[in-house]
There are 2 protein chains.
Amino acid sequence: MQNIKEQIRKGYQELTTRQKTVAKFVIGQPKTIALHSAQKIGELTETSETTVIRFCYALGYSGYSALQTEIRESLLNSDEEEGPLKNYRDTTGELIGENNLIQRVMEQDVAFIQQTLSSINNELFTKAVDLIIQAKKIVVVGFRTSYSLANWTSLTLNLIRGDTSLYRGPIDDADSIIMEMDEHWLVIAFSFPRYASETISFVQAAKTKGVKVLGISDDELSPIGLEANVLLKAITPQPSALNGMAAIFSLLKALTTGVAAADWPKVQDRVRTYDGQSGFEFHIPTTESWG
Amino acid sequence: MQNIKEQIRKGYQELTTRQKTVAKFVIGQPKTIALHSAQKIGELTETSETTVIRFCYALGYSGYSALQTEIRESLLNSDEEEGPLKNYRDTTGELIGENNLIQRVMEQDVAFIQQTLSSINNELFTKAVDLIIQAKKIVVVGFRTSYSLANWTSLTLNLIRGDTSLYRGPIDDADSIIMEMDEHWLVIAFSFPRYASETISFVQAAKTKGVKVLGISDDELSPIGLEANVLLKAITPQPSALNGMAAIFSLLKALTTGVAAADWPKVQDRVRTYDGQSGFEFHIPTTESWG
DNA sequence: AAAGGAATAAAGCGTAAGCTTCATTCTTCT
DNA sequence: AGAAGAATGAAGCTTACGCTTTATTCCTTT
């Protein structure tokens, strides 16, 4: 399967307009190819049998039959060799080796997500959501590894509720930002090993103005943990959080989803506005929209 | 499938000796039926094409084609019904009860990770790792949602192999960066909906200098997919990738782990140095840092 | 053991589906 | 705007595969 998709991707630009239509169809629903004739695919794609066959030639196949056979084989083989569920179950016997590296790494992430999930205190989580919803303005802060977390959180919260900004360190003027703060503001601080001192400094300075602090960390007793009004803890591999991003993002997604769910109509409205910007489409992309 | 097996079981006693041989074969490896002609099945069962066809009649089918079609459909449909795809269909606009929200969100992420895992082609993955290892210099690019991905990747790759920088958009001088490039450079480009046009422009400009491009996207046919030498696909919820970060980070972790594993002693050395640093002068790598 | 009958496989037939050709439409470039 | 060329789809051609017929083998029964 992957071979076929890869082949289509490589040759895509050389295809004609109608052939691109067929290409998208093949990638989108290979099963239909496996089960139906070239003529039928012509109908379904609103092209013609001929175009479908020529699409096969363009990809280097000897004809529709060849493509169909390969798709059938790959669909059925993948079924047999590596069902995703099966793979993820048998983590005990661990042969390392290049081959199943991806599998192991991802399984590890699944495990961290599940641990994080089970360690989350529901009451705390609700408090965190409330903090976000009720804040007048939000400032997100996080450096190094945590910067990507902060960046994403800022972006997403700005989309779903607005009034959120990202403090990016000395580039921004911390003093003037802090000056504006009051007790209705919220600072969301990310702090994972190795804990950046700038984060904690910023939070401490902000607290003098009475802001609320939502901390997200791997440890209740981390520097941020001690400063925060509410602390959400994500389980990550030690010592570095470099490898725990999946679990943290999963937690963040839960958080943002919680915020979104609490004020859904407003969020939908915002998303629509965002959507309308600059001619990009928010839904499944088609080549037409890519120009 | 179950229908077919049931049908065989019912009629089994009435079958002739050779037909029973065929019956056992069909139950044992229906996939082979799905993929091969009646003649071939005749050979494999050491009976004959004729017997295979008469076996179909005996079960009440109109012929071999009918049996084959039904087997194909049932094999592929079962794939569809209980596939993880179903899980994520109903998540988009639905209001979720507060109580199990965390759980549901995280389970969804687990599902996406598993899908990504099962859709990854090992060969492509290895190629991606090789590209990274063999590159002289690496530039990472990604905007909006993808910026956090790019940022993290840049940070991490710089740690484990060095010579990696992040292109942050017009802040950096794209022209002078691109000027330096040659065919030993690698550009890692992130592109998720809504696809930022800056990313594709940068990549296209870079390609004129002969650089290699590693694309990471949600769609083989996305703008980046078409430009990339190697494309890794992550499964994310549609329409936006906002909610698919966990799966993408999981993929990235696999990638970086792959790179690290390939040159482990050197990486360990680097990490020691990084940890030994006092203070926090390690900064987000930018193109300036080469100046 | 021989005859009748069922089961089987080889050979030939027919049809569905893939493929090719050609006329028409759409694009692009001057 | 017009001409040259590419892309497209309809109609006819070809082949592969399923199916039928027929000859052979194997089993059963007396």
Side-chain angles (χ1 to χ4, degrees), chain A residues 4 7-8 11-26 29-73 75-76 286-288 290-291, chain B residues 4 7-8 11-26 29-76 221 226:
Chain A
I4 294 160
Q7 205 145 352
I8 292 177
Y12 190 77
Q13 274 160 331
E14 322 305 324
L15 297 176
T16 68
T17 317
R18 315 286 282 205
Q19 283 172 6
K20 283 177 186 166
T21 311
V22 178
K24 279 185 276 180
F25 186 88
V26 173
Q29 26 183 324
K31 275 165 208 161
T32 311
I33 308 291
L35 294 174
H36 299 284
S37 70
Q39 192 180 43
K40 186 86 192 180
I41 303 304
E43 284 172 30
L44 292 171
T45 55
E46 295 186 331
T47 61
S48 70
E49 187 192 359
T50 318
T51 301
V52 172
I53 291 171
R54 277 203 277 255
F55 160 79
C56 300
Y57 293 152
L59 257 58
Y61 289 93
S62 71
Y64 181 76
S65 314
L67 176 76
Q68 194 182 39
T69 302
E70 195 166 322
I71 287 180
R72 276 174 186 159
E73 280 172 359
L75 284 177
L76 292 174
T286 65
T287 44
E288 282 73 33
W290 303 335
Chain B
I4 295 160
Q7 206 145 351
I8 292 176
Y12 191 77
Q13 294 306 336
E14 320 305 321
L15 296 177
T16 68
T17 318
R18 313 286 280 205
Q19 283 173 5
K20 282 177 186 166
T21 311
V22 178
K24 278 185 270 181
F25 185 88
V26 173
Q29 24 184 325
K31 275 164 208 161
T32 311
I33 308 292
L35 294 174
H36 300 285
S37 70
Q39 192 181 42
K40 186 85 192 182
I41 303 303
E43 284 173 31
L44 291 172
T45 54
E46 295 186 330
T47 61
S48 71
E49 187 192 357
T50 319
T51 301
V52 173
I53 290 171
R54 276 202 279 256
F55 160 79
C56 299
Y57 293 152
L59 289 181
Y61 287 94
S62 71
Y64 181 75
S65 312
L67 175 75
Q68 194 182 38
T69 302
E70 195 164 322
I71 287 180
R72 274 175 186 160
E73 279 172 356
S74 65
L75 285 177
L76 291 174
L221 299 181
L226 300 174

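For clarity, every value in this text was computed on a predicted model and none was experimentally measured. Reminder, nothing fancy here: chain letters follow the sequence lines and each chain counts from 1.
- An OP1 or OP2 oxygen of D/dT8 is reached within less than 4.0 angstrom by a side-chain nitrogen or oxygen of A/Thr16.
- Counting to the nearest Å, the C1' atom of D/dT20 and the CZ atom of B/Phe55 are 20 Å from each other.
- Within the nucleic acid shown, B/Thr21 has no heavy atom closer than 4.0 Å to any nucleic acid atom.
- The B/Ser37 side chain lies nearest to D/dC17 when the options are D/dC17, C/dA9, C/dG18.
- Here B/Arg54 does not reach the OP1 or OP2 of D/dT20: none of its side-chain N or O atoms lies under 4.0 Å away.
- Between the CD atom of B/Glu49 and the P atom of D/dC19 there is a distance of 9 Å, given to the nearest Å.
- Taking atom CD1 of B/Ile53 as the reference point, atom C1' of C/dA11 lies 13 Å away to the nearest angstrom.
- Spacing between atom CD of A/Glu43 and atom P of D/dA10 amounts to 11 Å, rounded to whole angstrom units.
- Among B/Leu35, B/Thr32, B/Val26, the single residue meeting the side-chain contact (heavy atoms from CB on, under 4.5 Å) criterion with B/Ile71 is B/Val26.
- Residue B/Thr50 has its side chain nearest to C/dA9 when only C/dA9, D/dG18, D/dT8 are considered.
- Here the side chain of B/Gln68 pairs a donor or acceptor atom with the backbone of B/Ile33 at under 3.5 angstrom.
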* To do: Mind running side chain to side chain contact (heavy atoms under 4.5 Å, CB included) on B/Phe55 and B/Leu59 for me, showing each step along the way?
  => CA-CA 6 Å; B/Phe55 160 79; B/Leu59 289 181; 3.3 Å; yes
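- Taking atom CG on B/Leu67 and atom C1' on D/dC17, their separation rounds to 15 Å, with Å as the unit.
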* Carefully, step by step, assess A/Tyr64 and A/Ile41 under the rule side chain to side chain contact (heavy atoms under 4.5 Å, CB included). => CA-CA 10 Å; A/Tyr64 181 76; A/Ile41 303 304; 3.4 Å; yes
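- Atom CD of B/Glu46 sits in a sparse spot, with 12 or fewer heavy atoms from other residues, nucleotides or ligands closer than 6.0 Å.
- Of the side-chain N and O atoms in B/Thr51, one or more sit less than 4.0 angstrom from OP1 or OP2 of C/dA9.
- Put simply, A/Arg18 has no side-chain N or O that comes within less than 4.0 Å of OP1 or OP2 on C/dC26.
- Nucleotide C/dA6 holds its P atom 14 Å from the CD atom of B/Gln19, rounded to whole Å.
- Distances shown here put every side-chain N or O of B/Tyr57 at or beyond 4.0 Å from the OP1 or OP2 atom of D/dC19.
- Counting to the nearest Å, the P atom of D/dT8 and the CG atom of A/Leu15 are 10 Å from each other.
- Taking atom CZ on A/Arg72 and atom C1' on C/dA17, their separation rounds to 12 Å, with Å as the unit.
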